[in-house]
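Presented below is the structure to which this report refers.
No experiment lies behind these values; they were computed from the predicted model shown. Whatever order the structure lists ligands and atoms in, that order sets their numbers, starting from 1.
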Amino acid sequence: MTLRVMVAYATKYGSTAEIAELVAATLRDEGIEAAAAPASRVADVRPYDAVILGSALYMGRWRRDARHFARRHRRALRERAVWVFSSGPLDPSASERDIEPVPSARRAMCRIHAREHVTFGGRLEAGAKGRMAKMILEEDRGGDFRDFDAITKWATATAGEIIALRAEL
Ligand SMILES: Cc1cc2nc3c(=O)[nH]c(=O)nc-3n(C[C@H](O)[C@H](O)[C@H](O)COP(=O)(O)O)c2cc1C
C-alpha cells in the first residue's frame with residue numbers, strides 16, 4: 001500500500017511554498033506519494049494518510065489560510081498523523097535552536113492534534129510589495145535564511161515516522 005501525504009501551505013511571497021515543495025519531494029524520495037498545495041485549495045484531506053501543514057509567520061501569527069485549514073478540516077485531521085511547520089525568522093536563529101510555535105500555531109496544533117512543530121528560517125527579497133515588507137528591506141533586514149539541508153533532514157525523519165505508522169493504518 002502506497003502512503004499518501006498532503007503538504008498544505010500558506011504563503012504570501014512564495015518562500016513557504018518552496019519549502020513545502022522540498023518537503024514533498026523529499027517524501028517522494030522515501031517512497032511516499034506526496035504532493036504540496038496551497039492550504040486554501042485542499043478541499044478534502046480524507047484521501048491522505050498523513051498531512052503536513054506549514055505557514056509563513058506575519059506579525060507573530062500564522063497566515064489565515066493555515067488557521068482556516070486547521071479549523072475546516074479539524075475532524076479529519078484528528079484522525080490522521082499531522083505535522084506542522086512555521087517559516088519566518090529573517091536571521092539564522094531557526095538553524096541554531098528550536099523556536100517555539102507562535103500562539104496561533106499552537107492553537108491550531110491543539111485543534112488538529114498535531115504531533116510535532118518545527119520552525120524554519122524565512123526569506124524576504126527585494127521587490128516584495130507591502131509597506132512593512134519594504135520597511136524591513138530598507139533596514140537591510142531581508143535575505144534568504146531558509147536552511148535547505150535542515151528542511152531535507154526534517155522531511156526525511158518525518159518520512160521515517162510516516163512509514164513506521166503504516167503498521168497502524
Ligand atoms: C510584514 C512582515 C511581517 C513579518 N513578521 C514575522 C514574524 O512575526 N515572525 C517571523 O519569524 N517572521 C516574520 N516575517 C518574515 C516572514 O515570515 C518571511 O519573510 C517568510 O519567509 C515569508 O514567507 P512567504 O514567502 O511564504 O510569504 C515577516 C515578514 C513581513 C514582510
Side-chain angles (χ1 to χ4, degrees), residues 5-29 34-43 45 48 50-74 77 82-112 114-159:
V5 177
M6 170 52 69
V7 186
Y9 59 84
T11 182
K12 184 171 183 186
Y13 296 115
S15 67
T16 308
E18 291 174 7
I19 293 173
E21 293 289 355
L22 175 57
V23 170
T26 307
L27 297 182
R28 287 194 294 273
D29 286 346
S40 58
R41 299 230 188 103
V42 181
V45 296
Y48 304 99
V51 174
I52 299 175
L53 173 60
S55 178
L57 293 170
Y58 284 90
M59 313 305 280
R61 296 182 85 187
W62 256 17
R63 284 186 65 74
R64 192 172 49 196
D65 284 356
R67 290 184 269 122
H68 283 191
F69 180 91
R71 214 171 297 142
R72 197 166 61 244
H73 299 292
R74 62 186 177 279
L77 288 169
V82 181
W83 284 260
V84 299
F85 70 86
S86 303
S87 70
L90 297 172
D91 57 38
S93 58
S95 298
E96 294 165 358
R97 58 186 164 86
D98 287 343
I99 296 178
E100 290 291 299
V102 297
S104 54
R106 192 178 289 285
R107 278 195 296 277
M109 287 179 72
C110 288
R111 183 168 279 135
I112 60 182
R115 291 167 181 246
E116 194 195 298
H117 169 271
V118 63
T119 301
F120 297 123
R123 179 197 68 190
L124 187 68
E125 281 189 335
K129 292 188 178 68
R131 193 174 57 85
M132 293 287 286
K134 284 191 182 125
M135 242 170 65
I136 295 171
L137 290 168
E138 273 161 25
E139 289 168 5
D140 211 18
R141 292 192 288 125
D144 192 347
F145 294 90
R146 292 171 300 170
D147 181 341
F148 295 105
D149 285 344
I151 295 163
T152 307
K153 209 170 149 194
W154 180 81
T156 305
T158 304

Determine whether a donor-acceptor pair (N or O, by modelled atom type, separation under 3.5 Å) exists between the side chain of [X] and the backbone of [Y].
| X | Y | answer |
| --- | --- | --- |
| Arg146 | Ser87 | no |
| Arg63 | Thr11 | yes |
| Tyr9 | Ala56 | no |
| Arg67 | Trp62 | yes |
| Arg61 | Tyr58 | no |

**Report entry** Proximity winner for atom 3 (C) of ligand 1, if only heavy atoms of Tyr9, Phe145, Tyr58 are counted
**Finding:** Tyr58
Report task. Out of Gly60, Ala10, Gly121, Ala133, indicate the one that has the non-hydrogen atom closest to atom 7 (C) of ligand 1. Result ->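 Nearest option to atom 7 (C) of ligand 1, by heavy atoms: Gly60.
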Looking at ligand 1, does any of its N/O atoms fall within less than 3.5 Å of an N/O of [X]?
| X | answer |
| --- | --- |
| Gly14 | yes |
| Arg61 | no |
| Met132 | no |

Relative to the heavy atoms of [X], which atoms of ligand 1 are at a distance of less than 4.0 Å?
| X | answer |
| --- | --- |
| Lys12 | 24 (P), 26 (O), 27 (O) |
| Gly122 | 21 (O) |
| Thr11 | 24 (P), 25 (O), 26 (O), 27 (O) |
| Met59 | 3 (C), 4 (C), 5 (N), 6 (C), 7 (C), 8 (O) |
| Ser15 | 20 (C), 21 (O), 22 (C), 23 (O), 24 (P), 25 (O), 26 (O) |
| Ser87 | 17 (O) |

Query raised in the report: His117 and Arg106: side chain to side chain contact (heavy atoms under 4.5 Å, CB included), yes or no, with the steps?
Result: CA-CA 9 Å; His117 169 271; Arg106 192 178 289 285; over 6 Å; no
To the nearest 0.5 Å, how far apart are [atom1] in [X] and [atom2] in [Y]?
| X | Y | atom1 | atom2 | answer |
| --- | --- | --- | --- | --- |
| Lys134 | Leu124 | NZ | CG | 11.5 Å |
| Ile151 | Thr26 | CD1 | OG1 | 9.0 Å |
| His73 | Leu53 | NE2 | CG | 9.5 Å |

Query raised in the report: Backbone, side chain, both or neither: what part of Leu90 comes under 4.0 angstrom of ligand 1, heavy atoms only?
Result: side chain
**Report entry** Part of Thr119 with heavy atoms under 4.0 Å of ligand 1, whether side chain, backbone, both or neither
**Finding:** neither
Distance from [atom] to nearest protein heavy atom, with residue and atom:
| atom | value |
| --- | --- |
| atom 15 (C) of ligand 1 | Gly88 O, 3.4 Å |
| atom 11 (O) of ligand 1 | Pro89 N, 3.1 Å |
| atom 6 (C) of ligand 1 | Leu57 O, 3.4 Å |
| atom 21 (O) of ligand 1 | Arg123 N, 2.8 Å |

Query raised in the report: Using 30° and 60° as the class limits, which term best fits the ring planes of Trp154 and Phe85: parallel, tilted or perpendicular?
Result: perpendicular
Requested in this report: Mark yes when over 12 heavy atoms from residues, nucleotides or ligands other than Arg74 sit less than 6.0 Å from its CZ; otherwise mark no.
Outcome: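 Correct, the count exceeds 12.
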